[in-house]
Amino acid sequence: MRTEESGSREDWSLLFWTFLAVLVSVVITLWCSTQRSKRRTHTKGFFRQSRHGWFYTDLFHKPTYCCVCAQHILNGAFCDCCGVCADEPCMRRAERSLPCKDITSASSAHRWVRGNVPLASYCVVCKLQCGTQPKLCDYRCVWCQATVHDDCMHSISEADVCDLGEFHSLIIPPHYLYKVNKLRRRHPDEYSKLGSSCGSNWTPVLVLANTRSGNNMGEALLGEFRTLLNPVQVFDLSELAPSKALQLCTLLPPGRARVLVCGGDGTVGWVLDAIDAMKLKGQDQFLPRVTILPLGTGNDLSNTLGWGAGYAGEIPVEQVLRNMLDAEVIKMDRWKVQVASKGLYFCKPKVLSMNNYFSVGPDALMALNFHTHREKTPSFFSSRIINKVVYFLYGTKDCLVQECKDLDKRIELELDGERVELPSLEGIIVCNIGYWGGGCRLWEGMGDQPCPRTRVDDGLLEVVGVFGSFHCAQIQLKLANPVRLGQAHTVRLVLKSSKMPMQVDGEPWAQGPCTVTITHKTQALMLYHNAEATDDEESSASETETPHGSIRA
């Protein structure tokens, strides 16, 4: 009996201490979270009025020292433009005494910041490694990223000109913007004269990042690009629309500007629409070349242009900029999708721009379900992996329900004015690019059936059909082929009855009876990255055609 009582007491004691340990952990976590929130609220107004790009943090990824008091930082802030770090009590003093990058300046001298030098850096004077000493030792130039030992600083004159480092051909120098502001006559010829002082290969880049795309890496990338480039070149699309950001191109020499879009295919389409708006304003000579850093879920356009199916930080930002320098300019067709609803004669047709593909059927239904639930709970859809799992679940559900069956009885298809007899389909996909559905090559597919290669500049659309969600999954796993319906310059679809899901470049909606007409709109200047083939891919790469028609070496 006593043994049972002692055992019961031990159980209750263990339960009590377990509960107490969990409770203490939760209380400490909540207290730390509350204190962090209070500190951020307290400094929010200070950050808004600051000349630095301060970011508050209590978790530095490496030992970091305050640039004011030289003590190790437990909680404080860092500037993502110039790299200045300060602990919480020294932040206002750092704001007053330590200047940030000047986006416009008559001077071309180095701008040195002391301390927190990267470990893998070398002194430009003695060529020995920097950053090996703790605390505030050594200096770094915020423009050219050069590093210098404390003892070697006397060898560098204040008159030394900063060459802006490895990425000088992508940076808008402060002295260029200073001279632009002094111009009495704002004319493209004047910009070309000023640009000649920056070098014949000067092709400045504007970075436009969507912080809500894919894995939510946009905010971190913005900071890395501000560190390497002029902060005036880097834009957060959640705060400024592309149409306003692109106006900086009109202050650069004609034909020199490039744009790096950090986001998904929808973000790229948003930027390309803004570039089309520049044409309507008569700013054709300032149109930039567009490249992509894929942060979205599908990223089919990025894959087609050689920039990969998704970016998760596997290569440093510096390598991304190097790849831009090696890229070639190609033209890409853009299409106008006009949706005229049946019976609504007094309403203007819905007009959309298409870069990737238009579809009606099961893949549009999955996109519609995904889009609807993401609008309700956007925080849940913050991971590319989670997004693809949700797509898979919706596809599995449609395999059982088959909401889009008998599509061939409800829709008519015309290619260049000729009616096409449809087999028993559930979906039709109209493609402009080589990839679809997150990396699947629809038109070439698999097997021995010959077909013309897809190109992004030939003014042709490739039209295929699918038998359902399960067929789409088989195509993505390369276990089946779509039904090739043909190529055309103009595609017309007539939905005769009921309501069907449709999508253009991942933007879905439910559509009643209507007529959909797809015609050529314009061409955009894109940058194509021809990545070097590995040993295992050399044989297949020699037979693979690039999206603009040339053969890969």
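Because the structure is predicted, anything quoted here is derived from the model rather than measured.
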Contact between Y191 and T250 at the side-chain level, heavy atoms closer than 4.5 Å - yes or no? no
Crowding at NZ, K336 (>12 non-hydrogen neighbours, <6.0 Å): no
Please check this pair: side chain of Q233 against backbone of L170, looking for a donor-acceptor N/O pair closer than 3.5 Å. yes
Over all heavy atoms of both residues, which pair between L98 and H52 is shortest? Give the atoms and the distance, please. O-NE2, 2.5 Å
Got a sec: does the OH of Y122 have more than 12 other heavy atoms crowding it under 6.0 Å? no
Value rounded to 0.5 Å, distance of CD in Q487 from CD in E462: 4.5 Å
C514/K350 under side-chain contact (heavy atoms from CB on, under 4.5 Å): CA gap, chis, key distance, verdict: CA-CA 11 Å; C514 66; K350 179 191 296 185; over 6 Å; no
If you count heavy atoms of other groups shown closer than 6.0 angstrom to CG of N181, is the number above 12? yes
Side-chain heavy-atom pair L321, E166 within 4.5 angstrom cut-off: no
Is D80 paired with R226 through a side-chain N to carboxylate O contact shorter than 4.0 Å? yes
side-chain contact (heavy atoms from CB on, under 4.5 Å) between S105 and Y178, worked out: CA-CA 6 Å; S105 173; Y178 177 82; 5.8 Å; no
Crowding at CD, E418 (>12 non-hydrogen neighbours, <6.0 Å): no
So, the side chain of S197 versus the backbone of K193: is there a donor-acceptor pair under 3.5 Å, distance only? no
Side chain proximity check, L461 to L415, heavy atoms < 4.5 angstrom: no
Least distance between heavy atoms, F55 atom then E219 atom: CE2-OE2, 3.2 Å
Which heavy atom in C82 sits nearest to a heavy atom in V113, and how many Å separate them? O-CG2, 3.8 Å
If I compare all heavy atoms of P253 with all of S192, which pair ends up nearest, and what's the gap? CB-CA, 4.1 Å
Apply salt bridge (charged side-chain N to carboxylate O under 4.0 Å, His left out) to the pair R184 and E190, showing each step before the final yes or no. CA-CA 10 Å; R184 293 183 179 180; E190 298 296 327; over 6 Å; no
Please check if the side chain of R256 supplies one atom and the backbone of W202 the other of a donor-acceptor pair under 3.5 Å. yes
Using distance alone, with no hydrogens and no angle criterion, decide if Q511 and S341 have a side-chain donor and acceptor under 3.5 Å apart. yes
Check whether any side-chain heavy atom of W270 sits under 4.5 Å from a side-chain heavy atom of L237, and report yes or no. yes
Using 0.5 Å steps for rounding, measure from the CG atom of L164 to the CD1 atom of I172. 11.5 Å
Note, P288 side chain near I275 side chain (heavy atom, < 4.5 Å): yes
How far apart are the closest heavy atoms of A257 and L252, and which atoms are they? CB-CD1, 4.0 Å
First locate atom CG of L293, then atom OG1 of T267, and finally report the distance between them rounded to the nearest 0.5 Å. 11.5 Å
Between K101 (side chain) and L229 (backbone), is there a donor-acceptor pair under 3.5 Å? yes
Roughly how far, to the nearest 0.5 Å, is SG of C440 from OH of Y435? 9.5 Å
Would you say the side-chain atoms of D333 and H520 include a donor-acceptor pair closer than 3.5 Å? yes
Rounded distance (nearest 0.5 Å) linking atom NZ of K244 with atom CZ of F235: 12.0 Å
Kindly indicate, with the supporting measurements, whether the criterion side-chain contact (heavy atoms from CB on, under 4.5 Å) is fulfilled by D363 and V466. CA-CA 9 Å; D363 68 322; V466 294; 5.8 Å; no
Is the W509 ring parallel, tilted or perpendicular to the F358 ring (thresholds 30°, 60°)? tilted
Looking only at atom types and distance, does a side-chain atom of H187 sit under 3.5 Å from a main-chain N or O of D189, one as donor and one as acceptor? yes
Taking every heavy atom of A364 against every heavy atom of P508, the minimum-distance pair comes out as O-CB, 4.0 Å
Candidate pair D163 and H168, rule side-chain contact (heavy atoms from CB on, under 4.5 Å), full reasoning: CA-CA 7 Å; D163 63 359; H168 63 276; 5.9 Å; no
Quick one, Q285 and P188 - any side-chain contact, counting heavy atoms below 4.5 Å? yes
So, does W143 use its side chain to make a donor-acceptor pair with the main chain of P173 at under 3.5 Å? no
Any donor-acceptor pair under 3.5 Å linking the side chain of S302 with the backbone of N299? no
Under 3.5 Å, is there a donor-acceptor pair between the side chain of D416 and the main chain of H489? yes
Only one of N432, N355, D265, I433 forms a side chain to side chain contact (heavy atoms under 4.5 Å, CB included) with D505, so which one is it? N355
Sub-4.5 Å side-chain heavy-atom contact between V360 and L495: no
CG of N530 to CG of N323: how many Å apart, nearest 0.5 Å? 11.5 Å
Sub-4.5 Å side-chain heavy-atom contact between V464 and W436: no
Checking Q503 against S359: is there a side-chain donor and acceptor pair closer than 3.5 Å? yes
Just by modelled atom types, is the M324 backbone N or O under 3.5 Å from a matching donor or acceptor in the R258 side chain? yes
